[in-house]
There are 2 protein chains.
Amino acid sequence: MARDESPSRGHRESGSVTLQDIAAHAGVSRATVSLVLRASPLVAERTRAKVQRSIKSLGYVYNRGAAALRGSRTSTLGVVVYDIANPFFGAMVAGIDAALNRVGYVSFLANSEDSPKRQQRFLERMREHRVDGILLCPAEGTPPTLVETLNAWKLPCVQVLRHIGTPPFDYAGTDFRLGVNLAIDHLVAHGHERIAFIGGHTEHSATRERWQGYREAIDRHGLGYQRLLRSTVTRRDGFEAIGLLLGESPAPTAVVCHNDLVAFGAMLGLQRQGLTPGVDCAVIGTDNVEEAALSAPALTSVATHPYAIGEEAARLALRRINHPDGAREQVVLSPQLKVRESCGACRTASRVLAPTL
Amino acid sequence: MARDESPSRGHRESGSVTLQDIAAHAGVSRATVSLVLRASPLVAERTRAKVQRSIKSLGYVYNRGAAALRGSRTSTLGVVVYDIANPFFGAMVAGIDAALNRVGYVSFLANSEDSPKRQQRFLERMREHRVDGILLCPAEGTPPTLVETLNAWKLPCVQVLRHIGTPPFDYAGTDFRLGVNLAIDHLVAHGHERIAFIGGHTEHSATRERWQGYREAIDRHGLGYQRLLRSTVTRRDGFEAIGLLLGESPAPTAVVCHNDLVAFGAMLGLQRQGLTPGVDCAVIGTDNVEEAALSAPALTSVATHPYAIGEEAARLALRRINHPDGAREQVVLSPQLKVRESCGACRTASRVLAPTL
DNA sequence: GGTTGTTTTTAGATTGGTCTAAAAGCTAGA
DNA sequence: TCTAGCTTTTAGACCAATCTAAAAACAACC
């Protein structure tokens with residue numbers, strides 16, 4: 001208004017160039033510039049070109065915050081995981097990032113450190129930032145009502161890897177039950193009859209599913225031996241668990257582990273007693289972290305697919321944002337068994353190969 | 001205005017509760033509510049309490065986007081790394097997250113995959129979101145002018161781990177030169193005289209510093225033998241490099257590696273030839289990833305401190321945001337040598353210990 | 001030339017906070 | 001009672017976009 005055209009201050013002193021400035025420079029209205037920015041088909045080609053030129057020459061930067069205030073989207077997503085230092089989550093975040101990048105979204109990342117309190121703070125903060133949605137790997141001990149709370153907040157939420165609350169909800173993860181079944185089928189095919197399972201402590205879904213898979217597979221094969229050892233899931237737990245199991249009679253001839261860390265610990269425990277994993281006792285892990293191929297002996301592991309899970313989760317979130325009332329969707333990817341040395345099935349071959357994977 | 005008090009629609013149909021609503025409910029002005037929200041000392045205690053009660057009872061959610069539009073801060077930071085799947089960066093991001101969380105900041109995370117183009121897109125996107133600052137681990141091949149560009153954008157930027165451009169700039173990283181020196185001092189103390197260095201390809205600062213450290217240490221100890229093998233930095237590179245070096249005469253008796261992955265590859269290469277790392281040839285890595293303690297033999301490694309680096313970087317960024325014109329600061333943490341089996345110094349001890357670290 | 005129907009463009013309200021400058025309420029001293 | 005000097009409170013402009021509804025421009029037809 002009082003600004004008119006004073007060419008001397010093409011780049012204003014105050015700071016950033018706004019729609020107003022572009023409009024003045026191109027001799028059109030603010031509304032028209034806004035339409036050009038959003039590639040609206042309403043604008044005539046000549047006008048569009050003229051405006052584009054002004055945008056270039058004034059060095060305009062779109063202000064997404066201002067746009068979000070009037071519009072309804074922020075083009076941001078919140079991602080809350082419980083242990084970003086775990087390489088599994090690194091890969092998953094990479095998958096999320098790739099999928100979001102394709103549609104111009106950008107994501108806030110927060111690390112709950114498995115503390116429901118921290119997690120709660122982060123969710124509130126993201127709500128204040130008006131994220132369009134949340135990808136949540138619920139921290140251990142998350143109240144089951146949290147999903148309802150998010151619903152009440154009208155914040156689309158996709159659970160990842162673990163889930164809480166009762167269906168229907170959006171979820172992306174891997175089929176832990178199937179994973180344990182694959183491992184046990186393989187062991188049984190190689191003659192094992194006493195197979196134990198190590199790890200899993202509190203009751204979240206990812207643990208429950210593994211246990212289910214274990215019991216189910218043992219039953220299916222009609223094995224008389226069943227031994228499920230609860231524990232937290234660090235390397236030390238694996239180390240201690242294997243010591244305990246070997247002291248029992250009968251002792252298992254094979255163990256399936258909650259994750260690769262536990263499996264590494266179990267292998268160390270065997271070696272400490274002068275035993276060789278894969279020869280004296282088979283060991284199978286879960287996750288197939290990069291180092292599984294690397295340890296000695298190389299660890300047989302159930303490969304989940306963190307990158308793909310991340311991509312799927314992001315895809316679900318975007319769909320939910322665009323269709324708030326569509327049917328909830330649960331994507332469960334199938335894991336694969338990566339057979340290496342520690343299960344005893346290919347003792348000779350792999351050690352002399354060049355490193356793979 | 002036309003809204004008056006119609007108690008029937010205390011929670012409005014349209015969506016969120018605003019300052020306006022709180023003000024009406026508490027019988028004060030919008031401005032006063034805003035002051036209460038920001039804990040201003042201007043507000044009388046009685047008023048503050050009354051407003052707080054209204055905020056609670058209406059379920060108000062602060063809109064940071066709207067606040068940022070008028071104010072000057074968004075309380076957000078952009079973090080751009082080149083490989084989030086690498087556990088090192090996982091730990092670093094955890095450190096950043098912890099430091100930011102303390103001051104109510106939240107961060108956008110982007111994964112450049114070492115592509116300057118992707119990196120550029122991310123930076124532009126973050127600029128549009130008006131982040132208060134950037135933490136940047138520059139992708140390989142980043143034009144040295146990028147830092148100046150960010151300066152021109154008036155976007156505070158702290159470089160992490162690698163740096164480009166010419167000082168002064170803000171930077172947080174580790175002293176790679178010292179790290180290599182520590183490794184070589186240790187080897188020399190144990191009688192080694194022919195020590196090679198494996199890895200590092202293109203010219204970014206983190207590679208240059210390692211090479212400098214290598215040459216410097218070799219000179220300092222007056223060793224006649226010097227062998228620096230360039231390569232990319234995967235396990236396969238280590239595997240191939242050790243093969244090459246062992247075929248030379250004289251062959252080295254010890255190798256220091258660009259990172260732990262390369263070192264793992266070198267160990268596999270030795271084992272493939274029937275040699276034992278730490279006995280027939282010493283191997284030392286860099287990064288001290290979790291798995292270093294785990295491999296067989298356990299890998300001696302130069303421990304950098306990713307979590308601490310992340311915290312420092314975040315601290316620098318916050319300082320720069322609050323003091324745009326203060327002196328640039330470079331924080332360089334000192335690495336430590338973690339002695340295990342692969343360097344031959346404690347062959348007997350560690351194998352029988354319970355797993356540590 | 002006037003009417004109708006498209007295609008383009010625009011004025012002005014709106015979003016939800018912050019900020020400035022001034023007004024309103026107090027208290028105490030003359 | 002009046003005034004000076006606090007402490008509190010507030011009206012209204014402002015930030016930078018989007019959105020709605022209507023106006024303007026243009027073409028086609030009778």
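Computed over heavy atoms, backbone and side chain alike; hydrogens, waters and symmetry mates excluded. Quick note on labels: first sequence line is chain A, next is B, and so on, each numbered from 1.
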Atom pairs under 3.5 Å: protein N/O with N/O of nucleotides 17-23 of chain C:
residue, atom, partner, partner atom, Å
C/dG17, OP1, B/Y60, OH, 2.9
C/dG17, OP2, B/L19, N, 2.9
C/dG17, O5', B/Y60, OH, 2.9
C/dG17, O6, B/R30, NH2, 3.2
C/dT18, OP1, B/R38, NE, 3.4
C/dT18, OP1, B/Y62, OH, 2.8
C/dT18, OP2, B/S34, OG, 2.1
C/dT18, O2, B/R70, NH1, 3.4
C/dT18, O4, B/R30, NH2, 3.2
C/dC19, OP2, B/R38, NH1, 2.6
C/dC19, O4', B/R70, NH1, 2.8

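Taking side-chain N and O atoms only, B/T47 has no distance below 4.0 Å to OP1 or OP2 of D/dT8. When the side-chain nitrogen and oxygen atoms of B/T32 are compared with OP1 and OP2 of D/dT8, none of them lie within a distance under 4.0 Å.
Atom NE2 of B/H129 and atom P of D/dA17 are 14 Å apart (whole Å). The CZ-P distance, from B/R46 to D/dT7, rounds to 19 Å in whole Å. Whole-Å rounding puts the A/L69 CG to D/dC19 P distance at 12 Å. In this entry the distance linking CD of A/E45 with P of C/dT9 reads 11 Å, nearest Å.
Counting heavy atoms from C-beta outward, B/R125 and A/S75 have side chains that stay 4.5 Å or more apart. B/L109 places a side-chain heavy atom less than 4.5 Å from the side chain of B/I84.
With salt bridges taken as basic N to acidic carboxylate O contacts below 4.0 Å, none links A/R121 and A/E124.
Residue pairs meeting the ring-ring contact (aromatic ring centres under 6.0 Å, His included) criterion with at least one partner in residues 60-84 of chain A, sequence neighbours excluded, are A/Y82-A/F89. The list of ring-ring contact (aromatic ring centres under 6.0 Å, His included) pairs with a residue in residues 99-119 of chain B, not counting sequence neighbours, reads A/F108-B/F108, B/F108-B/H129. For the salt bridge (charged side-chain N to carboxylate O under 4.0 Å, His left out) condition, the pairs that include at least one residue of residues 57-80 of chain A, sequence neighbours left out, are A/R64-B/E128. Among residue pairs with one or both ends in residues 43-60 of chain B, those qualifying as salt bridge (charged side-chain N to carboxylate O under 4.0 Å, His left out) are B/E45-B/R48; sequence neighbours excluded.
One end of the helix from C/dG1-D/dC30 to C/dA30-D/dT1 points its axis 70° away from the other end's axis, with each axis taken from 5 pairs and the angle rounded to 10°.
B/L136 and B/C157 get closest at one heavy-atom pair: CB-SG, 4.1 Å.
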